[in-house]
Every structure is written in structure tokens, then in C-alpha cells.
Protein chains: 2
Amino acid sequence: MDQIELVRDFNRYYTQRLGVLNDHYLGQGRPLSEARLLFEIGGAGAGLRDLRTRMGLDSGYLSRLLRSLSDQGLVSVDPHPGDGRSRIATLTRAGRRELDDLNSRSRDSIAALLEPLTEAQRSKLVGAQEQIRRLLRLAAVTLSPVADDDPSVRGCLTSYGKELALRFPEGYDPATLIAPGTLGTGTVLLAREEGVPVGCGLWQLLSPGVSSGVASGVSSGVASGAASGVAEIRHLWVAADARGYGLGRRLLSALEQDALSHGIGVVRLGTHPSLGEAIALYRAAGYREIPSYDSSPYNQLAFEKALVL
Amino acid sequence: MDQIELVRDFNRYYTQRLGVLNDHYLGQGRPLSEARLLFEIGGAGAGLRDLRTRMGLDSGYLSRLLRSLSDQGLVSVDPHPGDGRSRIATLTRAGRRELDDLNSRSRDSIAALLEPLTEAQRSKLVGAQEQIRRLLRLAAVTLSPVADDDPSVRGCLTSYGKELALRFPEGYDPATLIAPGTLGTGTVLLAREEGVPVGCGLWQLLSPGVSSGVASGVSSGVASGAASGVAEIRHLWVAADARGYGLGRRLLSALEQDALSHGIGVVRLGTHPSLGEAIALYRAAGYREIPSYDSSPYNQLAFEKALVL
DNA sequence: CCTTTTCTCTGACTAGAGTCAGAGATTGTG
DNA sequence: CACAATCTCTGACTCTAGTCAGAGAAAAGG
């Protein structure tokens, strides 16, 4: 059985198991959609518009669901204090009790599932689930080239700057960030998970190669013989809550691939001694330390890697 | 977040991911129930009664689903040659093509999911899924005490005997198996997965202890002070397709617990040098080798363990 | 102030997934 | 052979989970 077949098989098995579990704890007379809605409203309440986008519901449908829940005395829907058009749903006391019930039934059915396992087996299970989730999250991230003034990228770079300001003992001047429109020859990659930006990185030409195709764009690089341009990789950043999934590695190698296809033979990058994980990443990815080549005061360390097909 | 919450969280994430996947490959105009039915009928065809029990469908509903599929030319439903009441569904040529399409769409969507991962990450994913499946299968097994003439147990013991006959160089005489009705003081445990027998084991009193409660049944043991009877564990067996999940370990410790609660302080067991996994299991479970105590020619090795609460 | 946009609600409708109560044909059994 | 049991099918319903097209109120923009 190949990998794909193994994954399909696991999916079949797992959904079946989960189906049994869910039927058990949700099958208490309440329709699934109402239960989900109770979950989403949660203890703090939520605006209808917010609920609609989060759950992907039709506005008419949500309205009816809420009506049903409020007829049952579980939810109250009140006008937004600041905006008379929008409304806010909150759980009533009974609704909160119902939600607690749902949660505890869910917990109970999971506990019953885990009961026959030893402590060691349970933590193995949890560990394996965690690993799967990391890998699936990583797989769900898409990388796409964007302009250097793309608002999402500027947002990432702002976060990047703020983080460096906190981590560098000497602080960080945001003016060091690439200014919009100044990329020149190069590519900015933006990483998105379900549309939400979770990382970025860019490469930028330092000195053109001898082959003629370098500056003429996407289609030229691969065909133009030995790649010989030199580029710099900059602003490689992964959002804090998306770290540990191998996304930095993926961004880095995507940048390398892209640079290579544009006739770049060597990439360099500068970094700071206080960025330990980044340095470890570069070393693991085959970068070798070189004398610092950059005038930026933050780039106290420099690395280089020769790109090969 | 505790283990239960982590498992719930994973379940939520995974079902959501799978939902997206399934929508993608099944959402080709065909209702889910029809697609499932095509899967279940499969290349070989299936009897309606069989389909109903396997899929848990109402007979009227199944009838209508099949009608719809046969109207679409995907399935033909023909009378059973031997029994005029029952009927058999088989895929037509077009139905087989449709099923192949479904399968390849499913494969494609899994392949697209895996595409961003490196080979190492993919095999990690598959490995973690395999581990989860093992643990869930183990957790799904229920152990229950049964009589020594229970048909399921006799079936297990027959398989056990056949296996030993193959593995022992000297063969194995099935007459060595415990005869129905001869257990005496002791317990037979049967392991079932979804109702299907997957293993068994028993303990049997060798010599009673000094405390008075030993022979008087379930309620006596725990309260009767220090456990001091001696029992033998026999016929511990796990079906071939349920091995590697830790089920042997679970059966063994359930037998120990049960024996302890009946006033047994020491358990012994005999085994054969060619049963390497079993010997490793006993050692790992805290058994120490002792001189062979048994007249059975197969029990060339013997182990013992003192039971403690 | 008028128009456009935003937000929610109502009414009308649909498809999917079942359930339930027989009817009809066939087979097994005393 | 009569009667019970088995198997499938039909008709009549139900519930869930939506979709779609407006209507009406409030807010934002020029």
C-alpha cells in the first residue's frame, strides 16, 4: 500500500471512529448545527456577522437557527450598542448550562475512549496527534509571490521589525526594512494559511551573473545555462503561532528555488547572533558562514550557499 | 490543556480538514450516500441484506438508493440464484468507471494535500497515523470474562492450537488445551474488537491460599487480607491481525488484576522457547524465570510473578 | 439630504438522508 | 399444506441543512 492509500485508509478509519464518538455525545436530541452554534457563541457571546463568517453560514439560515435557540431560551439576541444594524448573540444561563453539558459529554466520551490505555500509551497518542497536526498545518500553508508593497507583506514586515526590536539587545530600527517599491530584481514570497499571512521572505539581486538571461524575468533563468548571479535572502520571518512546523525551512527552500530559476547561483544572507533558531536553520539547510559582507549593523553574521539544480 | 482537551482539539481540527477534502472529491454532483453505496458494492458486488447490515441502512432507503443508481445505469440488481427472496447488486461497466473516478479523485486530493511536504515529512505523517490507529484499535478492544465453553473462546483456542502446531518443532497436540467445563476456580477473559473475538487468556487456581475467601467467588477476594493463593496463567493468545497493539500486555495485566481480586498472590505460567515474543512480554511485565513446574511437555520454560495491589 | 451600503430578518423552496408501516413474493417449518 | 419468517419494495412522512430573493432598518458617504 502506498502512502496515499495509507492516508486514505487512516482517514476512513478515523472518521468512522469519530462518527461513533460524535453521535454519542451530540445525539441528545439537538441538531448538529444548533450545537455548533452554541459552541461558537461561547461564553463571551458573538456578533452575528462574526458568527456568519466564522461558520460560513447563510444569513437567513443563521437567523433561523438563532430564533430556534432563543425560542428554547438558550440564547438572547440583542442590538449592538454602537451600531443599530448589527446584533449580538449571547448565551443565557440555560444556554451556558447546555453548553457545559455538551462539553462534558464530549469530554466523557473521549475519556471513555482513552480509559483502556495506559498513561504511556495515552501520551503517545497525544504526541502522534500533535505531530499530524503540525504536518497538516504545514501542508496547508501556501506560498505565493507578491509585490514588495503588498499590504499583507508590509504587515508581516512590521511584525518582523517589532520582534527584532525586542530580541536585539541594541534594538532595531524599522527603517532598515526594505522600502516599498525598492525590491529591484528579486521575489517576495508570502506564506498564507487559510488566507491568513503567517510568514514571508524575499530574495534580491546583489550582483548580476554573466549569463544574459538574468534580468529578463521568469522564463529566462532556467534556460540560460549555468546560474551565476548573486542574491541576498532577507526578511525571512514566520509568525510566532506558526513556528515549529518547518515553515521557515519551506520558505527558505522556495526562495532558493525561485532565485535559481532566475539565474541566481549563489545566495547570501546576513543575520544576528541572537537569532539562534534562524542560524540553526541556515546551517541545517546547507549554508556556510562567510565574512560579513553587509554594511547593516544588524548583520553581524553572514552565510552563503551555492544553489544547484 | 489536559490530554482529553488535546484529543478533542485534534478531532475538531482533523474533521474540519477531512471535511474540506471530502467535499472536494465527493462534491461532484453525487450524493454522499450514493457514493458510499458504490464503494460498498465494490468490484465484486454484494447482497442487499449484506449491504444493509454493513452500512446500517433502512431497507426502504437502500432500495430507493439502488433504484436511483440503477436508473443512472451504474448498478444492476439481480435476483439471488439460490434464494428468490434476496437480490444482489453489482456494478455495471459504467458503475465501475464511476467508482474508479471517485477513487482517483480521492487519491488526487490526498496527493495534493501531501504535495507541499518533503518525503521525510510524509513518512512521519504516515507513521504517526499508523501509531494512532494502533492505539485506537487497542482502546476499542473490550475484555470480558466468559465461561470456558463459550463458543468464541473455543474458537480462539482452536486457532491457538493450530498456531502452536505450526510453530513448535515437535508439533502440538490439541488435547493439551483446557477441556470445556474443567476450569475450576479461575477466569477466562475474551478480547473482542467490535464484537469480533481477537484474543483470550485464562487463569486457573493451582493451590489455594491460607485466607478463607479464595474459593468463595468474586466478592470475597479483595477483603480477605493478604493474597496468597497460587494460580497459573494459560492460553494467552492474540489473533494474528491484532498483534503489535499491546493487546497481549493488556490481557495479561487484566488477568493478573482479576486473579489478585480473587485472593491470588502469585501467578505462574509455562511457555515454549520458540515463543520469543511471549517470553519478551513476560519479562517486560515483571515475570522472573523459575524452574519448570509443569508436567506438560510444551512448558519447557516457566515464569512467576508476585502480585501486588 | 439623498443615495448607497451594510446588516438582519422573512418567506419560499430544495436536496439529502432517513424512518415507518405495510404489501407482495418467496422460503422454511411443524 | 397452512403458517410463520424472511427479504425486498412502495408510499407517505419527517428532519436537517441549506439556498435564494427580497424587505426593512440603520449607518456611511458625497
Side-chain angles (χ1 to χ4, degrees), chain A residues 15-16 19-20 22-23 25-41 45-72 74-90 102, chain B residues 15-16 19-20 22-41 45-72 74-90 98 102:
Chain A
T15 43
Q16 190 200 324
V20 175
N22 286 345
D23 288 357
Y25 91 88
L26 285 173
Q28 305 298 87
R30 187 169 308 294
L32 181 62
S33 53
E34 287 187 14
R36 277 212 308 150
L37 189 50
L38 285 176
F39 270 114
E40 289 295 332
I41 295 172
L48 300 207
R49 186 188 159 64
D50 184 29
L51 286 172
R52 255 194 346 262
T53 55
R54 258 156 52 198
M55 303 180 66
L57 295 179
D58 175 83
S59 70
Y61 186 34
L62 175 62
S63 181
R64 238 177 299 270
L65 284 175
L66 283 172
R67 171 73 91 99
S68 158
L69 287 176
S70 85
D71 284 354
Q72 295 169 64
L74 302 176
V75 161
S76 79
V77 182
D78 310 291
H80 188 287
D83 184 340
R85 291 169 302 182
S86 64
R87 309 185 72 193
I88 292 180
T90 45
L102 274 171
Chain B
T15 42
Q16 191 201 325
V20 175
N22 286 345
D23 287 358
H24 199 257
Y25 91 89
L26 285 173
Q28 304 297 88
R30 186 168 309 292
L32 182 61
S33 53
E34 287 186 14
R36 277 211 309 149
L37 189 50
L38 285 176
F39 270 114
E40 288 294 332
I41 295 172
L48 300 206
R49 187 188 158 64
D50 184 30
L51 286 172
R52 257 196 343 263
T53 56
R54 257 157 53 199
M55 303 179 68
L57 294 180
D58 175 83
S59 70
Y61 187 32
L62 175 63
S63 181
R64 238 177 299 271
L65 285 175
L66 283 171
R67 171 72 91 100
S68 159
L69 288 175
S70 85
D71 285 354
Q72 294 170 63
L74 302 177
V75 161
S76 79
V77 182
D78 309 291
H80 188 287
D83 184 338
R85 292 168 301 183
S86 65
R87 309 186 73 194
I88 291 180
T90 45
E98 182 68 24
L102 274 171

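Owing to the predicted nature of the structure, the values given are computational and were not obtained by experimental measurement. Just so we're on the same page: letters track the sequence lines, and every chain starts at 1.
Between Arg30(B) and Leu74(B) there is a side-chain heavy-atom pair separated by less than 4.5 Å. You'll find the side chain of Ile88(B) reaches within 4.5 Å of the side chain of Pro81(B), heavy atoms only. Using a 4.5 Å heavy-atom cutoff, the side chains of Leu62(B) and Arg49(B) are not in contact. A heavy-atom distance below 4.5 Å is found between the side chains of Leu51(A) and Leu37(A). Residues Arg87(B) and Leu66(B) are not in side-chain contact: their nearest non-hydrogen atoms beyond the backbone lie 4.5 Å or more apart.
A salt bridge (Lys or Arg N to Asp or Glu O under 4.0 Å) check over residues 56-72 of chain A, counting only residues at least two apart or in different chains, returns nothing.
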Sugar-phosphate means primed atoms, P, OP1 and OP2; the rest is base. With that split, encode nucleotides 25-30 of chain D 5' to 3' as B, S or - using protein heavy atoms under 4.0 Å.
-BS---
Can Gln72(A) and Glu34(A) be said to form a side-chain hydrogen bond (donor to acceptor under 3.5 Å, both in side chains), step by step?
CA-CA 11 Å; Gln72(A) 295 169 64; Glu34(A) 287 187 14; 3.2 Å; yes
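For the atom pair Ile41(A) CD1 and Ser76(A) OG, the distance stands at 9.0 Å (nearest 0.5 Å).
Spacing between atom CZ of Arg30(A) and atom P of dC15(D) amounts to 16 Å, rounded to whole angstrom units. His80(A) places its NE2 atom 12 Å from the C1' atom of dC7(C), with the value rounded to the nearest Å.
Contacts between residues 48-68 of chain B and DNA chain C, defined by a heavy-atom separation below 4.0 Å, involve Asp58(B), Tyr61(B), Arg64(B), listed by number.
With distances taken from any side-chain atom of Arg87(B) to the nucleotides dA17(D), dA17(C), dT8(D), the minimum falls on dT8(D).
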